[in-house]
Amino acid sequence: MTEHPLKDPVAENTWDVIVVGAGFAGLYMLHRLKQLDLRVLVIEAGSDVGGTWYWNRYPGARCDVESLSYSYSFDESLQQEWRWPDRYAVQPDILRYAQFVARRFSLYPHIVFDTRIVEACYTEPDHAWRISTDAGVHYVAGVCIMATGCLSVPKSPDIHGIDRFRGRLLHTANWPREALDFSRDHVGVIGTGSSAVQSIPILAEQSARLTVFQRTPNFSIPAWNGPLSEEQDRRCKDRYPVLRNRARNTFSGDFREEGGMKLLPASPAEREKALQHRWEQGGFHYQYGFTDAGYDTRANEIAAEFVRNKIRRTVADPEVAERLCPRDHPFGTKRLCVDTGYYETYNRANVELVDLKRTPVEAVTARGIVTTGMEYDLDTLVLATGFDAMTGALVRMNVRGRNHERLRDRWQGGASTYLGLMVANFPNLFMINGPGSPSVLCNMMLALEQHVEWISDCIEFMGQAGHRVIEASPDAERAWTDHVNRAADRTLYPRADSWYVGANVPGKARVFMPYVKGFKAYSEICDSVVEKGYEGFVFA
Ligand code: NAP
């Protein structure tokens, strides 16, 4: 058997492939590459596996995709063995699952923890990636795979004086590992996105007093979470291969997706019945229930107003209810929140909602938050202020391609990729769930499995064909990026100032980053690229 051309004579710290990140994408990538008998090293900033589920330990952290779907499908015995206790898993269970997988497939010995990449640089003569870490260690690899996650760089708010606060300052995405006691605290939460919507009901129970500082209300749909019964578990496991296959043929990559209906042609009675039915299914079932709501403002308004009416019926104080009703963006164009008791929390006597649009924050002081109307003394301030999404981790890392071109400079005017997998002029650098792929718009587990399998098949093909270098052609990258943008422009998505378009990060170019046409359409495109001899990629 001939050696894979990526294989170098073994030198110290020289690897065939380096994978950055030991979240679910990095773990599966490692598993697949081990099967190709390549020398692989994973470098991870955290002290354990799990990625987003390692860092986001805030109270109430839970996946918004059902666990039987949000789990690996690549190994039948793995999916039979693992038992999820709840319909939507909590963070500690998801972290335990990641650890279980890492042990089961003997992945731990191949991972270096507590290490951040400070530079990754492609060198032309030897077609290698030279990777430097904050531990001062230098690695060389033929291929570098970024499994760095779409939501892994927490963003703090640009509020004057935030570093002066003398109470406990926490970010949901960087939560301490030890248990925290809030029972005597007046807790403030800035933000009302998914992280806030999940943590607010629990913090309200755990703290003496809770003040929520809301700039923009979001749409939230109840999860209707509960324990997963033996029978539900068995029913799914008996048919897992069929169900997973069904998931691969859906828009969202979730086998629970059911075909939606158009709201506009339906009669008022039919609409009401369908809206209520989807509401009772909960979470994303509501969003995917109405096919015209993503394109047509009139249909969208019907779905939006139904949710607003639910808020009005749930929240006792009509004025608070109106403040919680989103009006500045179409329904579903910002990531939908999926909650347990979120709106009900505002009926508690110890919870207050501050509308920052009416009374903006002036400053954070040593004691708390000063708005134009009031001063709030706080013991704990929780920042649920989101992430520099999709590109944040990649541009921070000082990634340099051919001729030392920096990825950060290349993406100054907006992220562009070929298939969300590669960038022209950055040979042998793959991304998992990169911008330009469906990623965050579908079940991330299935999305990452599809990318990992595509990349490992590609690396295997390179071995068989004797290629040492692959890169995206500039033309293919340009055409794909145009296609991604045109597809988004046909929907209502770009109308929201969301993290999907980078609007939450000052100075970030406004480009719609995920691919909106869904999992099935995207994976078929990836397959056809391979069938056409890796069309749009150049090998050397
Ligand atoms: P996010 O959706 O970006 O929400 C950030 C919140 O902080 C927004 O309400 C934002 O208000 C507010 N904010 C930011 N800067 C502010 C400032 N200077 N002053 C006042 N408010 C400010 O972040 P996230 O909640 O962490 O969620 C991010 C994504 O992570 C989600 O969309 C989801 O994809 C993922 N996630 C998933 C789960 C799950 O699976 N269950 C849970 C948590 C997160 P504006 O809207 O006005 O900017």
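Atoms within a ligand are numbered from 1 in the order they appear, just like the ligands themselves. The figures that follow rest on heavy atoms only: side chains count, while hydrogens, waters and symmetry mates do not.
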Name the orientation class of the two ring planes belonging to Tyr72 and Phe24 (parallel below 30°, tilted from 30 to 60°, perpendicular beyond 60°). perpendicular
Are the side chain of Arg323 and the backbone of Leu353 linked by a donor-acceptor contact shorter than 3.5 Å? yes
Return yes if a side-chain donor-acceptor contact under 3.5 Å exists between Asp355 and Gln214, otherwise no. no
Atoms of ligand 1, numbered as shown, that sit under 4.0 Å from any heavy atom of Leu151: 29 (C), 30 (O), 34 (O), 35 (C)
Protein residue, atom and distance nearest to atom 29 (C) of ligand 1, heavy-atom basis: Trp499 NE1, 3.7 Å
Lys/Arg-Asp/Glu bridge criterion (N-O < 4.0 Å) met for Arg298, Glu301: no
Are Phe219 and His329 an aromatic pair by the rule of ring centers under 6.0 Å? yes
Around atom 31 (C) of ligand 1, find the nearest protein heavy atom and jot down its residue, atom name and distance. Ser194 OG, 3.5 Å
Applying a 4.0 Å heavy-atom criterion (strictly less than), which segment of Thr172 is in contact with ligand 1: side chain, backbone, both, or neither? neither
Closest to atom 1 (P) of ligand 1 among protein heavy atoms sits Gly386 CA, 4.1 Å
shortest atom 21 (N) of ligand 1-to-protein heavy-atom contact is with Ile190 CG2, 3.5 Å
Would you say Ser195 and ligand 1 have an N/O pair spaced under 3.5 Å apart? yes
Please state whether Gln214 comes within less than 4.0 angstrom of ligand 1, counting heavy atoms only. no
Number the atoms of ligand 1 from 1 as they appear, then name those within less than 4.0 Å of a heavy atom of Phe387, with their elements. 26 (O), 28 (C), 30 (O)
Heavy-atom contacts with Gln198 under 4.0 Å: which atoms of ligand 1 show up? List them by number with element. 39 (C), 41 (N), 42 (C)
Counting each atom of ligand 1 from 1 as listed, which ones have a heavy atom of Arg335 under 4.0 Å away? 31 (C), 32 (O), 33 (C), 34 (O)
For the residue pair Thr211 and Val189, establish whether any side-chain heavy-atom pair is separated by less than 4.5 Å. no
Enumerate the atoms of ligand 1 whose separation from the nearest heavy atom of Gly191 is less than 4.0 angstrom. 6 (C), 7 (O), 9 (O), 12 (C)
Just let me know how Ala384 lines up against ligand 1, side chain, backbone, both or neither, with a heavy-atom cut-off below 4.0 Å. backbone
Nearest non-hydrogen protein atom to atom 18 (N) of ligand 1, with distance, is Pro157 CB, 3.3 Å
Interfacing atoms of ligand 1 (cut-off 4.0 Å, heavy-atom, Lys334): 46 (O)
Exercise: do Lys310 and Gln276 side chains pair donor with acceptor under 3.5 Å: yes
Relative to the heavy atoms of Leu356, which atoms of ligand 1 are at a distance of less than 4.0 Å? 20 (C)
Atom 17 (C) of ligand 1 [closest protein heavy-atom partner, distance rounded to 0.1 Å]: Arg215 NH1, 3.4 Å
Determine, for Arg358 against Glu319, whether the closest basic-nitrogen to carboxylate-oxygen distance falls under 4.0 angstrom. yes
Just one of Phe306, Phe290, Tyr286, Tyr493 clears the ring-ring contact (aromatic ring centres under 6.0 Å, His included) bar with Phe331, so which one? Tyr286
Do any nitrogen or oxygen atoms of Asp64 come within less than 3.5 Å of a nitrogen or oxygen of ligand 1? yes
Scan side-chain atoms only and decide if Ser69 and Glu66 contain a donor-acceptor pair under the 3.5 Å cut-off. no
Ligand 1 versus Thr216, non-hydrogen atoms closer than 4.0 Å: side chain, backbone, both, neither? both
Distance filter under 4.0 Å to Tyr58 heavy atoms, resulting ligand 1 atoms: 42 (C), 43 (C)
Determine, using ring centers only, whether His483 and Trp480 are less than 6.0 Å apart. yes
On the ring face of Tyr54, is Arg57 found with NZ or CZ under 6.0 Å from the centre and within 45° of the axis? yes
Which is it for Arg62 and ligand 1 at heavy atoms under 4.0 Å: side chain, backbone, both or neither? backbone
Trp82: which residues meet the ring-ring contact (aromatic ring centres under 6.0 Å, His included) condition with it, sequence neighbours left out? Trp84, Tyr97, Phe100
To the nearest 0.1 Å, how far is atom 8 (C) of ligand 1 from its closest protein heavy atom, and which atom is that? Thr192 N, 4.0 Å
Compute the ring centroids of Tyr58 and His171, then answer whether they are less than 6.0 Å apart. no
Looking only at protein heavy atoms, which one is nearest to atom 4 (O) of ligand 1, and what is the separation? Gly193 CA, 3.6 Å
